[in-house]
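Notes follow the structure.
As the structure is a prediction and not an experimental result, all values here were calculated from the model. Within every chain, numbering begins at 1; the chains are lettered A, B, ... in the order of the sequence lines, protein sequences first and strands thereafter.
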Number of protein chains: 2
Amino acid sequence: MSKSVLELTPVETAACCSPMIQEPLSIDQADQVSTLLKALADPVRLRLMSLVLSHEGGEACVCDLNDAFELSQPTISHHLKVLHEAGLLEREKRGVWVYYRADHDALDSIAALISPLRASR
Amino acid sequence: MSKSVLELTPVETAACCSPMIQEPLSIDQADQVSTLLKALADPVRLRLMSLVLSHEGGEACVCDLNDAFELSQPTISHHLKVLHEAGLLEREKRGVWVYYRADHDALDSIAALISPLRASR
DNA sequence: CATAGGCATCGACAGCTGTCAATATCGATG
DNA sequence: CATCGATATTGACAGCTGTCGATGCCTATG
């Protein structure tokens, strides 16, 4: 999933407009976007994303992430898996440690839908 | 809930930065944002939002919305209630009909978090 | 090669979620 | 005031989700 999930027509790509304002989302578009939003719509996973994004180098080791929560290690591992399978986090194993970094294509897919709603009246 | 749910410091409001990049989300911020995202993270509710947003006048009658889905009337009513209670849709009864329109403050709260992620790297 | 530690997977379980049929509510209208 | 039509509420149920303890896998290191 290296390409943006949400395919936009030229009209939809215009600065002012989003598929959500320009015209109703198709069923397929809604399914794709909701998959991404479901992955993000959890307080633990939001904090995981923000920890990775704000960490130096834009990546964080699982060991660091575990320490930021009062949750069991399997639970954090589960949340990281959800984010990874949704395409929001990339995983890289280096030696004993596993590092996660944000996948900006997936973030773009969400932002492309949500951002244009901001300025509209 | 007429005020933005997500309070931003001046630094966070700067054009380039989001709380998610600038520094990790607080637990409270994550809880608030995830509440909004949970309401939005459903294909039916995404389509409902887009139908309301793209409808002329920025509002839509429940009767129109029901016709757009092959779901029972109580199910659509349930989804509208979820969006309304999350603060994403405003409800107004006029005569026999009920009209829904988007609450742009709530949409701003989400966009303020997500939009800045778009340009980053 | 035995051990230790970092991380993932498995199995279980309580709680939440989406859906529907049935029913209630409420305003318009005859 | 009796009825009808537009929405909401209720109750029920299957399926999904977040969490944990136990366990497995893999890599470094002695």
Pairs where residues 35-58 of chain A contributes a residue and the test side-chain hydrogen bond (donor to acceptor under 3.5 Å, both in side chains) is met, not counting sequence neighbours: R45(A)-H79(A)
Qualifying side-chain hydrogen bond (donor to acceptor under 3.5 Å, both in side chains) pairs with a residue from residues 58-70 of chain A, counting only residues at least two apart or across chains: E59(A)-R94(A), E59(A)-R101(A)
S115(B) side chain vs A112(B) backbone, donor-acceptor pair below 3.5 Å: no
Transitive ILVMFWY cluster of V96(B), excluding itself - 4.5 Å side-chain cut-off: W97(B), Y99(B)
Side-chain cluster (under 4.5 Å, hydrophobic types only) that V82(A) belongs to, other residues: none
Side chain to side chain contact (heavy atoms under 4.5 Å, CB included) partners for S77(A), two or more places apart: Q73(A)
Are the side chains of [X] and [Y] in touch, meaning some heavy atoms are under 4.5 Å apart?
X	Y	result
L40(A)	V33(B)	no
M49(B)	V44(B)	no
L37(B)	L46(A)	yes
I110(A)	L88(A)	yes

Reading 5' to 3' through nucleotides 19-30 of chain C, protein heavy-atom contacts under 4.0 Å coded B for base, S for sugar-phosphate only, - for none: BBBB-----S--
side-chain N/O R91(A) vs dC7(C) OP1/OP2, d < 4.0 Å: no
Sugar-phosphate, base or nothing in reach of Y100(B), heavy atoms under 4.0 Å: sugar-phosphate
Proximity to DNA chain C (any heavy atom under 4.0 Å), residues of residues 57-67 of chain A only: C61(A), V62(A), C63(A)
Chain A footprint on DNA chain D, 5' to 3' - any atom under 4.0 Å from a heavy atom: dG18(D) to dA28(D)
